[in-house]
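In what follows, a structure is listed as structure tokens, so that the remarks can point back to it.
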Amino acid sequence: MQLRYEQLTAHLTRSLAPIYWVHGDDAFFVQKISATVRQQAQVRGFTEREIFYVESGFDWQTLQIHSQNYGLFAEKRLIELRLEATLSEAATQWLKNYAQTPPPENLLLITSGKLDRRNQQSAWFKILDKIGVFIPLWPLVGGKLTAWAKQELHHCGLTAEDEALQCLILATEGHLCATQQAIEKVALYLGTPTQGIVTRATMLQALADNARFDPFKLTDAALQGETERCLRILLRLKEEGIEPLFILWALSRECRLLATLAFKLARGESLTTLFQQYAIWEPRQSAIQRALKRATLPDWYRLLHYAAEVDKQIKGVTPGPFWHGLQRLSLGLAGDMNE
């Protein structure tokens, strides 16, 4: 079954399916919606949580044994699969086997990039679709973006005028993660509960008084090839306590975009067409062009692979100085691939 993200909360209050798959190209949005499933699972008694990062060479046989290993007095488990790579034959076989007899003590939550039409027409997808729930996430634009921002403001105890909402969206340029962070700053600035409605003037003042470096300034500097400025901004982000996963998400997002563009350019597609397809507006086009000239497709793939390693360091899966990793990734995006 497929659900729009707006339908998910109502669905979860009625019952839980054995499998949920949240997929889309915006990592922040995917994690935001996944948190809704995670929260309801905990309410329903799935108090044990295990996370598996699926990358090249992942051992599906071990996961098969692990998912079926359930003690008499063990707690119900939420098993999360975070897919980073193309699904292999072993992966689809495991998914089909699991979906045929899902253990009642497990709840499986899968997150991934957008599933294309080929995946959705496959045999394994149809098997999972019969018992599970797929939540496809498309980019939020126009009225949907405004509605989402209004909902997030409401969660913080705030109500805003339409003009104030537009100021918020323009200030964050439609980036969901940046919009969420800005809303939290506005809530702190105004205090909650708030009396009355947030006006355009109040919104502008709150955003101005809370102006700080953010990860999008870092990615802008990196795309421009400004290595020294990258280091200064990253240091400020660290000093200001900005969440390192947010920084990594912003850097990875640009690397993934550049890898996609480089791949399609190598196939002979037009850059002008690609700018339109990926909604890259004129202010960013020149910086994107320069970045594409600084590195090759294998370079972007290496940066994405390195970003996955930094992700593990931040989450404590593997040891390592993740701030140094973010520095290397920033400089790599800026063109210093030897750093």
Side-chain angles (χ1 to χ4, degrees), residues 1-12 17 19-41 51 53-54 78 80-85 108-116 119-120 132-156 165-166 168-187 214-216 218-219 242-260 277-281 284 304 307-308 311 314-315:
M1 176 174 64
Q2 298 207 42
L3 288 179
R4 299 191 307 274
Y5 80 92
E6 305 98 320
Q7 301 172 307
L8 181 61
T9 300
H11 160 81
L12 291 172
I19 302 173
Y20 288 88
W21 193 318
V22 185
H23 62 100
D25 290 335
D26 190 317
F28 172 79
F29 199 18
V30 168
Q31 290 305 313
K32 180 81 173 174
I33 299 304
S34 299
T36 304
V37 178
R38 194 178 302 121
Q39 182 180 27
Q40 190 58 230
I51 304 174
Y53 297 91
V54 180
L78 173 64
E80 294 190 37
L81 295 185
R82 300 190 177 175
L83 303 183
E84 300 288 347
L108 180 62
L109 172 59
I110 304 171
T111 58
S112 72
K114 184 173 63 178
L115 295 174
D116 59 24
N119 281 317
Q120 297 186 41
V133 174
F134 286 84
I135 303 104
L137 301 178
W138 308 104
L140 294 181
V141 295
K144 288 190 174 182
L145 177 58
T146 302
W148 180 83
K150 184 182 294 186
Q151 183 181 48
E152 294 304 305
L153 282 162
H154 178 72
H155 289 163
C156 290
L165 275 170
Q166 292 306 312
L168 172 65
I169 291 168
L170 287 172
T172 55
E173 299 181 345
H175 296 291
L176 298 188
C177 196
T179 304
Q180 176 75 58
Q181 189 180 50
I183 288 170
E184 292 171 357
K185 290 179 182 179
V186 170
D214 63 58
F216 299 109
L218 175 62
T219 55
I242 302 300
E243 171 59 48
L245 275 175
F246 182 17
I247 302 171
L248 178 63
W249 170 82
L251 292 168
S252 300
R253 177 178 177 272
E254 296 296 347
C255 290
R256 193 173 295 110
L257 172 64
L258 288 163
T260 301
Q277 181 181 348
Y278 290 94
I280 301 171
W281 310 124
R284 275 169 43 88
L304 284 172
D311 180 73
I314 294 173
K315 294 170 180 172

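- Note that CG of L137 and CD of Q31 are 10.5 Å apart. Values are rounded to the nearest 0.5 Å.
- The shortest side-chain heavy-atom distance between I135 and H23 does not fall under the 4.5 Å cut-off.
- Not counting sequence neighbours, Q39 has no partner by the side chain to side chain contact (heavy atoms under 4.5 Å, CB included) test.
- When the side-chain hydrogen bond (donor to acceptor under 3.5 Å, both in side chains) test is applied to E6, no partner is found at least two apart in sequence or on another chain.
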Could you give the side-chain donor-acceptor pairs of residues 243-254 under 3.5 Å, partners two or more places apart or in another chain?
unit_1: E243; atom_1: OE2; unit_2: L245; atom_2: N; d: 3.3
unit_1: S252; atom_1: OG; unit_2: L248; atom_2: O; d: 2.8
unit_1: E254; atom_1: OE1; unit_2: R284; atom_2: NH2; d: 3.4
unit_1: E254; atom_1: OE2; unit_2: R284; atom_2: NH1; d: 3.2

Enumerate, atom names and distances included, each donor-acceptor pair closer than 3.5 Å involving a side-chain atom of residues 148-155, sequence neighbours excluded.
unit_1: E152; atom_1: OE1; unit_2: K32; atom_2: NZ; d: 3.1

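- With sequence neighbours excluded, the residues that form a side-chain hydrogen bond (donor to acceptor under 3.5 Å, both in side chains) with H11 are Y20.
- At least one side-chain heavy atom of Q2 sits less than 4.5 Å from a side-chain heavy atom of P136.
- Here the CG atom belonging to L109 is positioned 8.5 Å from the CG atom belonging to L81, to the nearest 0.5 angstrom.
- Residues meeting the side chain to side chain contact (heavy atoms under 4.5 Å, CB included) test with T9, sequence neighbours left out: T36.
- Residues F134 and L115 meet the side-chain proximity criterion, which asks for heavy atoms closer than 4.5 Å.
- Here the CG atom belonging to L145 is positioned 6.5 Å from the CG atom belonging to L176, to the nearest 0.5 angstrom.
- Annotation: side-chain hydrogen bond (donor to acceptor under 3.5 Å, both in side chains) contacts of S112 (sequence neighbours excluded): W21.
- Side-chain contact between T111 and L83: absent, with no pair of heavy atoms (C-beta onward) separated by less than 4.5 Å.
- Side-chain atoms of L78 and R38, non-hydrogen and from C-beta on, do get closer than 4.5 Å to each other.
- Annotation: side-chain hydrogen bond (donor to acceptor under 3.5 Å, both in side chains) contacts of Q40 (sequence neighbours excluded): R44.
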query: Can you check side chain to side chain contact (heavy atoms under 4.5 Å, CB included) on L304 and R256, steps first, answer last?
result: CA-CA 7 Å; L304 284 172; R256 193 173 295 110; 4.1 Å; yes
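- You'll find the side chain of E80 stays beyond 4.5 Å of the side chain of L108, heavy atoms only.
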